[in-house]
Every structure is written in structure tokens, then in C-alpha cells.
Amino acid sequence: MKKMNVLLALGLFAFAPAIFSQKNIDPKDIREKMQWFADAKLGIFIHSGIYAVNGVDESWSFYNKKLSYADYMKQLNGFTLKKYDPAYWAGLIKESGARYAVVTTKHHDGVAMYDTRMNGLSIVKKAPAKQDLIKPLFEELRKQNIKCGAYYSLIDWSDNNYPAFLKDSNRYVVSKDYDRWNRFRNFFQGQIKEINTMFRPDLWWFDGDWEHSAEEWESQKVRSIILSGNPKAIINGRLQGYGDYETPEQNFPVTRPNYHWWELCMTSNDNWGFHNDNNWKTPYEIITIFVDAVANGGNLLLDIGPKEDGTLPEEQVNILKELGAWNNKHGEAIFNTVGGLPQGHFYGPSTLSKDSTTLYMFLHGKMNGPVMIKGLKNKVEEVTVLGNGTKLQPKIVGKISWSPIPGLVYIDVPASVADNYVTVLRIKLDKPLNLYKGSGGLN
Ligand code: GLC
């Protein structure tokens, strides 16, 4: 009963994702296949595409009429990948600590980053790159034991059978021309089949589902196309209710989301692809955002945007390296953990070991004064500064001998043990976490 209370308090019994209500899906199967994702915490998103040539908004720039479609497509001529080194990308992703990567196989502009047989619009057929970006990358990632994800835009503003084209013009209305829409469906489902067979993604990252309904996309069929060839594949939530997890985009939850699995996808400056944009997030900002997502039970999918020649902006390389050094020192508190204390017990992010006998507390920036935990019924057995080894002495304050309500735990953290970005305390508890959640007094 007690354990049940703890689980409820931790929000581990959050609402089931929409898919659980589908009749033919066994929730147990989903939980099993989702385990690596739940443990992974960090993924790297790669937006590679012809938009990098002139550094314009990925696909949206022509859709929003910032430049003409013809000018946008001219970028094909400048997409060379001449310095593309997939082993270097994979090595850097490994170094960052990420456990999975998701790469654009086709964005809304319709340009495939692999040799699609469904039409002629790919960097293999139409750009000087003349090569498939995906296969060599997946091979290198798999050598590093990193799971491989395929981003795929359902929207295809280049395909003549796709209704939307520019923001204020549609080619036709689906309900008035089902034959034409069917031709598009055969096309995009054909691409999904070929990607599934050619690359066997561990994860599918759909995008653009908002332009049509589940019936129009045939989301259920799309899901079964993927799973019949690749039963363990994970599918993100942008399939009109037929995905496995939620993807809040560039939005930071304040309260813990009510989802079993979620992933915050976020750019490292303000754009997905390589862009004339210098508003880089600092490593400190990225690490604190990452910690916040993990403490709230989610993952971070951090985006990088390679240049047209396949090299990466040095700021992004630096971000990945700094994140990696921090993960190297503090990985125990991140990977394979679960979300931490509910709000109110500690004014900061925290995580827990799966058996909840170890609590990790994350302290941002410079230390000024002791940290405090409220409502902890457990006995604290040991406090260690992670990656540093220093042991700290907790002080129990305000415990009244006759009252069942726990005292406050104060821990003084000397400035000398501080990490450059985020310091982590490991708190060993005597038993699985047991919290007091009352409002004081004798209740
Ligand atoms: C949005 C945008 C798209 C971007 C994606 C990444 O859906 O349409 O351009 O690739 O987010 O999450």
C-alpha cells in the first residue's frame, strides 16, 4: 500500500497515451518496447537539408513566401556533402552522452535525403551530393550502440498530389478529389515502406500530422505498416493519436506532464537547420534544460543543423562536447533513472534510482547556502557530491520527537565542490523513498 502511495506521489501512474485505448494494442508490449527510450534521456536531432545552402528556414521559407519555390529549390545545386563524415557525427553524438539520434529523411519540402524510388526528388538524384545521407549514418551510429531514428514529414509541399502548397494556396480539396489524395497516400506510404525496409529505424519521428486527420493519413494503417516490418519500432506522437509518446516542441513544461513518455525537442539556437542565426544557447542553459526535462520524467531531443558540406557549426560541436563532459561526470544521476521529487519537497530538479533508494539533487549555478529537503520520512544514509566524491553531512532541523512529521534536511554544500554548470548530490536513503505530504499539524 505504501509503495502504491509513493508511486502515485511520483506521478508514475500518469495517464496512458492515446494509443492504449486502441483495441488491438497491448499496453504491456508498448511498455517493454519503450524501455530503452525511457532510460535513454538524451537524443540528438539532426536537421540536414538543402535549406542549409542559403541558411533559410527549413521548408517554411518558401511556404511562407520569404523566397520563391524556384529559388528555394535552386539550393539543390549547392548541396554537396563534400566533407560529410558520418563516423565523426556518430562519434560526437556518442561523446555527448546521447543514446539515440533522429535524422531528417525528408522534410516538408519533399527532398529525400536518401535514394527514394517513389519519385526523383532526392539529394542522390538532384544534388551534387549524389549520395544517401541516411545509410552510412545509421551504420556508424549502430557501431556506437546508438539507436537510430528517422524523421519523416507526412506533409510534402513539393508533391503535386499534396493539397497544400503555399500558406494561402491549396492545389485542391481532399473531399472533392479522393483519387488524387489516394495517389498521394500511395506515394507517402510507399516512402514509409522503403525507409522501413532500407534502414529499419528504431524510432519513427513523424511531423506535420496537423494538416490532415487520422482517417486521411490512414494513421492506423501507417502504424501497422511500420510495426509489421519492424515490431519494436517506437513511433512519436505526431500521427494523429497513433504514436507512442508526446513531443512538446520548444515548450518547457512547468508542471510534470501527465504522459507516460515524452520528449522535449529543442533547437541549439533558434532554428532547426543551419541558419544565419547566432542566438546560441549556452552549455549551461542546455544542461539545465536537459536536467529539468529528465527530472520531470522526460527526454531531451537536442537539435543540430549541419552545413551543406556536412560539417557542423563549431558552436554546436562545443555544446555537444560540454554536454558530454558533464554527462560523463554525472551520468549516474541521469541515465536509467526516473523523474524525481514532486514539487514542494526540494526547490530544484531531482531524479531517483528506479528502486527509489537513491535521490539525486541538481544544484544550478553558484552555491550560496545550504540546500533543503522537506517531508522526507526516510533516514539519509550518505550524501556524496557526484563526480567529486566529497561526503557531506546532513543536518536534521525541527524534528519533534513525539510527532510523526519529518524534520527538514539541510545540507551545506561548500563552493569548492561546485561543478561549472550543475552540481549533483547523491542522497542514499535507508529504504525506498517515503514522503510526508500533509499540510503540517498532526495529519
Ligand atoms: C515543426 C516544424 C518543422 C521542424 C519540426 C521539429 O513541426 O514544422 O520545421 O522540423 O517542428 O520538431
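Atoms within each ligand, like the ligands themselves, are counted from 1 in listed order.
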Legend entry - Pair K74 + D71: basic N to acidic O under 4.0 Å: yes
Legend entry - Numbered atoms of ligand 1 (with element) below 4.0 Å of H108, judged on heavy atoms: 2 (C), 3 (C), 8 (O), 9 (O)
Legend entry - Residues D207 and R238 bridged, charged N to O under 4.0 Å: yes
Inset, instruction - Identify, by atom number and element, the atoms of ligand 1 in contact range of R238, meaning under 4.0 Å from any of its heavy atoms. - result: 7 (O), 11 (O), 12 (O)
Inset, instruction - List the closest protein heavy-atom neighbour of atom 10 (O) of ligand 1: residue, atom name, distance to the nearest 0.1 Å. - result: H47 NE2, 2.6 Å
Legend entry - Charged N-O contact under 4.0 Å between R142 and E139: no
Inset, instruction - Heavy-atom contacts with H107 under 4.0 Å: which atoms of ligand 1 show up? List them by number with element. - result: 3 (C), 4 (C), 9 (O), 10 (O)
Inset, instruction - Check for a donor-acceptor pair, side chain of W262 on one end and backbone N or O of N296 on the other, with a separation under 3.5 Å. - result: yes
Legend entry - Numbering as shown, the atoms of ligand 1 that approach C265 to under 4.0 Å (heavy-atom distance): 12 (O)
Inset, instruction - Give the residue and atom name of whichever protein heavy atom lies nearest to atom 1 (C) of ligand 1, and the separation in Å to one decimal. - result: E249 OE2, 3.2 Å
Inset, instruction - Can you spot which of D270, T267, N271 makes a side chain to side chain donor-acceptor pair (under 3.5 Å) with N279? - result: D270
Inset, instruction - Mind checking whether W205 contacts ligand 1 via backbone (N, CA, C, O), side chain (CB onward), both or neither, at a 4.0 Å heavy-atom cut-off? - result: side chain
Inset, instruction - With heavy atoms only and a cut-off of under 4.0 Å, state how Q250 meets ligand 1: side chain, backbone, both or neither. - result: neither
Legend entry - Subset of ligand 1 atoms that lie under 4.0 Å from at least one heavy atom of W60: 2 (C), 3 (C), 8 (O), 9 (O)
Legend entry - Pair K33 + D244: basic N to acidic O under 4.0 Å: yes
Inset, instruction - Please confirm whether W204 and Y151 have ring centers closer than 6.0 angstrom. - result: no
Inset, instruction - Decide yes or no for V173 and P163: does some side-chain heavy atom of the first lie under 4.5 Å from some side-chain heavy atom of the second? - result: no
Legend entry - ligand 1 contacted by S59 (non-hydrogen, < 4.0 Å): no
Legend entry - Residue E58 vicinity, atoms of ligand 1 by number, heavy atom under 4.0 Å: 3 (C), 9 (O)
Legend entry - Mode of W210 contact toward ligand 1 - side chain, backbone, both, neither (heavy atoms, under 4.0 Å): side chain
Legend entry - Side-chain heavy atoms of P201 within contact of I195, under 4.5 Å: yes
Legend entry - Residue, atom name and distance, where the atom is the protein heavy atom closest to atom 7 (O) of ligand 1: D207 OD1, 2.9 Å
